[in-house]
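First comes the structure, then the notes that go with it.
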Amino acid sequence: MSMKYPFLDLKDVNLPYMEEMIEAATRVIRSGRYIGGEEVERFEHSLAELTSTRYAVGVSNGLDALRLILKSYVELGVMNAGDEVIVPANTYIASVLAISDAGLKPVLVDVDIRTMNIDTSLIEAAITSKTKAIMTVHLYGRVAWDETLADVARRHGLKVIEDCAQAIGARSTTAGLNGSVQAGSLGDAAAFSFYPTKNVGALGDAGAVVTNDETLARTVKALTNYGSDRRYHNIYCGYNCRLDPIQAAMLSVKLPHTDEENADRFARALAYSRTISRQDIVTPLLSRSVNDNVWHQYVIRVLDGKRDLLQQRLASAGVGTDIHYATPPHRQPCYAGLPHGPLPVTERLAEEILSLPIGPGTSVKDAAEIAEIINGIEL
């Protein structure tokens with residue numbers, strides 16, 4: 001059926017930028033430069049500026065961005081096969097895939113039921129002599145950073161890798177390791193995804209690594225291009241993970257509008273939170289500031305086992321929804337043998353969470369109307 005309130009329509013996302021994107025695409029086609037070059041460099045410079053970092057390296061997608069950070073640390077001897085990386089259990093599987101793909105061991109830590117991000121009070125107990133890093137995931141656009149995480153990382157000498165796939169433009173209320181508050185510069189390195197559905201999305205796959213570490217940036221750059229530091233000179237067994245100039249050009253059009261897009265999402269989130277008034281639904285914590293959650297998703301919790309029923313009835317009322325994510329990584333077949341302790345909050349969330357429309361095709365008025373529909377549904 002045709003949804004009156006679709007979950008996300010990518011045509012709505014890109015329509016405001018259509019003319020500029022056509023001009024940018026034409027510029028790339030006419031340039032004759034289809035790998036690397038000025039378009040990629042321009043985008044990298046802008047992203048480094050946005051994230052308050054010294055270096056940005058455009059890569060093929062968000063998963064590769066995470067993989068390349070970890071592979072670089074392995075190549076540099078900072079980490080070795082079998083070392084452990086702490087990661088929240090409630091995340092998209094890409095966070096965990098990147099760890100195991102680098103020959104490292106994911107150590108799953110449960111999450112805070114209020115923020116749905118890593119419970120930083122549980123991190124220290126998960127540290128062993130093999131622990132080399134913490135991967136903090138700013139899930140749904142909410143910054144996953146506090147003084148506890150920073151203190152644990154400093155005292156134990158751990159690298160902190162940010163998974164910023166859903167959090168471009170977000171800012172922490174607590175300073176990062178180097179004093180910055182910008183997501184992407186809170187830890188030692190960060191990975192971004194520009195998948196078309198993100199707050200800033202490409203017209204296909206795209207990603208980036210940002211860091212203040214010149215050696216790490218140089219290693220990532222080499223690994224993206226077959227492990228070469230110059231033409232036909234390969235210092236690593238690398239990959240082909242480069243960012244295409246056409247995608248870089250599209251992202252350069254949209255990147256300057258990041259704060260505007262995030263502010264619009266905050267307005268929709270506010271409309272939902274002010275209007276939904278059911279005892280059996282928990283709305284997400286509102287931001288402490290406009291930017292500490294950039295609302296990539298607006299995720300409610302539906303209590304008493306009624307999530308699937310609510311989703312069905314919303315669909316019947318013309319409201320599109322989604323679940324991010326119904327099956328956590330440790331319940332996926334590919335990680336059936338992954339050892340882990342009890343993860344009660346993650347498993348509870350998998351049964352309760354439901355994402356409501358919050359993208360550019362949903363107006364503040366739409367959000368309020370969807371909330372009233374939710375209030376009126378009998379479960």
Side-chain angles (χ1 to χ4, degrees), residues 43-57 62 65-66 69 86-88 91 95 111-112 114-121 123 133-194 198-200 207-214 216-217 254-267 269-270 284-297:
F43 168 70
E44 289 173 338
H45 176 78
S46 297
L47 182 63
E49 193 171 70
L50 177 69
T51 56
S52 300
T53 53
R54 293 175 61 198
Y55 307 100
V57 182
L66 288 170
I69 292 169
I86 291 171
V87 62
T91 186
S95 308
V111 296
D112 185 316
R114 300 163 303 166
T115 65
M116 296 183 262
N117 278 332
I118 192 167
D119 186 337
T120 58
S121 71
I123 292 175
I134 301 166
M135 182 182 291
T136 187
V137 182
H138 307 311
L139 197 65
Y140 310 138
R142 183 184 300 276
V143 173
W145 187 269
D146 62 15
E147 292 176 358
T148 299
L149 192 157
D151 176 64
V152 168
R154 287 191 182 102
R155 284 191 291 104
H156 292 272
L158 304 178
K159 294 294 183 183
V160 179
I161 300 160
E162 296 174 73
D163 183 340
C164 294
Q166 301 182 2
I168 190 163
R171 301 181 187 100
S172 175
T173 56
T174 302
L177 299 179
N178 299 307
S180 174
V181 296
Q182 192 76 40
S185 62
L186 299 171
D188 296 284
F192 285 87
S193 169
F194 301 101
K198 303 301 185 191
N199 293 28
V200 176
V209 171
V210 300
T211 184
N212 289 313
D213 183 336
E214 182 180 6
L216 179 67
K254 299 169 87 172
L255 203 63
H257 301 279
T258 300
D259 284 347
E260 175 187 336
E261 165 66 18
N262 292 342
D264 288 345
R265 286 174 178 263
F266 176 78
L270 199 59
L285 285 176
L286 282 175
S287 310
R288 291 167 290 177
S289 68
V290 173
N291 291 102
D292 74 335
N293 189 340
V294 295
W295 299 100
H296 175 61
Q297 303 294 348

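Here the structure is a predicted model, which means the values were calculated and not measured. All values below were derived from every heavy atom in this structure, side-chain atoms included, with hydrogens, water molecules and symmetry-related copies excluded.
- To the nearest 0.5 Å, atom CE of residue M135 and atom CD1 of residue I86 are 11.5 Å apart.
- Listed by chain and number, the residues in a salt bridge (charged side-chain N to carboxylate O under 4.0 Å, His left out) with R114 are D112 (sequence neighbours excluded).
- D188 places a side-chain N or O within donor-acceptor distance of the main-chain N or O of V160, the cut-off being under 3.5 Å.
- Counting non-hydrogen atoms of neighbouring residues, nucleotides and ligands closer than 6.0 angstrom, the NE2 atom of H45 reaches no more than 12 such neighbours.
- The minimum heavy-atom distance between L255 and S46, with the atom names listed, is CD2-CB, 3.7 Å.
- Interatomic distance, OG of S172 versus CG of L186, reported as 5.5 Å (0.5 Å rounding).
- In terms of modelled atom types and a separation under 3.5 Å, the side chain of R142 and the main chain of P284 share no donor-acceptor contact.
- Side-chain contact between R155 and D151 is present, with at least one heavy-atom pair separated by less than 4.5 Å.
- The nearest pair of heavy atoms linking L177 to G187 is CD1-CA, 4.0 Å.
- Side-chain contact annotation: S180 with S185, donor-acceptor N/O pair under 3.5 Å present.
- With hydrogens and angles disregarded, a donor-acceptor distance shorter than 3.5 Å links the side chain of D146 to the backbone of T148.
- A distance-only check finds no donor-acceptor pair linking the side chain of T91 to the backbone of P88 [under 3.5 Å].
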Taking it one step at a time, do T115 and L285 satisfy side-chain contact (heavy atoms from CB on, under 4.5 Å)? CA-CA 7 Å; T115 65; L285 285 176; 4.0 Å; yes
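- For A170, the side-chain contact (heavy atoms from CB on, under 4.5 Å) partners at least two apart in sequence or on another chain are V143, A167, A183, V294.
- R54 is not listed as a side-chain neighbour of T211, based on a closest heavy-atom distance of 4.5 Å or more.
- Side-chain contact between T258 and L50 is present, with heavy atoms from C-beta onward closer than 4.5 Å.
- Side-chain contact check for N178 versus N212: some heavy-atom pair is nearer than 4.5 Å.
- Taken to the nearest 0.5 Å, the CG atom of L139 stands 9.0 Å off from the CD atom of Q297.
- The heavy-atom pair separating A208 from A65 by the smallest distance is O-CB, 3.4 Å.
- Summarising the geometry of V57 relative to A217, their closest heavy-atom pair is CG2-O, 3.9 Å, with the distance given to 0.1 Å.
- Looking at heavy atoms from C-beta onward, V111 lies out of side-chain contact with N117 at the 4.5 angstrom threshold.
- Within the 3.5 Å criterion, the main-chain N or O of H138 finds no donor-acceptor partner in the side chain of E162.
- In this structure, the side chain of W145 does not engage the main chain of A150 through any donor-acceptor pair within 3.5 Å.
- Taking the ring pair (Phe, Tyr, Trp, His ring centres under 6.0 Å) definition, one finds that F194 meets it with F43, sequence neighbours left out.
- Residues passing the side-chain hydrogen bond (donor to acceptor under 3.5 Å, both in side chains) test with D119 are S121, sequence neighbours excluded.
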Between E261 and V200, is a side-chain contact (heavy atoms from CB on, under 4.5 Å) present by the stated rule, with each step listed? CA-CA 8 Å; E261 165 66 18; V200 176; 5.7 Å; no
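- The salt bridge (charged side-chain N to carboxylate O under 4.0 Å, His left out) search around E147 returns none, not counting sequence neighbours.
- Taking each heavy atom of G169 and N262 in turn, the nearest pair found is CA-ND2, 3.9 Å.
- Residues I118 and V137 have side chains not in contact (no heavy-atom distance under 4.5 Å, counting atoms from C-beta outward).
- The two residues R154 and G176 have their closest heavy-atom pair at NH2-O, 3.5 Å.
- Of the possible donor and acceptor atoms, none in the side chain of R171 sits under 3.5 Å from a partner among the backbone N and O of V181.
- Looking only at side-chain heavy atoms (C-beta outward), T174 and L149 stay at 4.5 Å or farther from each other.
- Using a distance-only test at 3.5 Å, with no hydrogens or angles considered, a donor-acceptor pair links the side chain of T136 to the main chain of A144.
- In this structure, the side-chain hydrogen bond (donor to acceptor under 3.5 Å, both in side chains) partners of T53, at least two apart in sequence or on a different chain, are T51.
- Separating the CG atom in L66 from the CG atom in D163 is a distance of 4.5 Å, to the nearest 0.5 Å.
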Could you go through F192 and V210, starting from their C-alpha distance and side-chain angles, then the distance that decides it, and tell me whether this counts as side-chain contact (heavy atoms from CB on, under 4.5 Å)? CA-CA 8 Å; F192 285 87; V210 300; 3.7 Å; yes
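- The distance from the CD atom of E49 to the CD atom of Q182 is 11.0 Å, given to the nearest 0.5 Å.
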Does the pair H296 and Y140 meet the rule for a side-chain contact (heavy atoms from CB on, under 4.5 Å), with working shown? CA-CA 5 Å; H296 175 61; Y140 310 138; 5.5 Å; no
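- Side-chain atoms of T173 and D292 form no donor-acceptor pair, as typed in the model, at a separation below 3.5 Å.
- Judged by distance alone, the side chain of N199 and the main-chain N or O of I168 form no donor-acceptor pair under 3.5 Å.
- A heavy-atom distance below 4.5 Å is found between the side chains of D259 and N291.
- Distance check, rounded to the nearest 0.5 Å: CG of L47 to OH of Y55 gives 15.0 Å.
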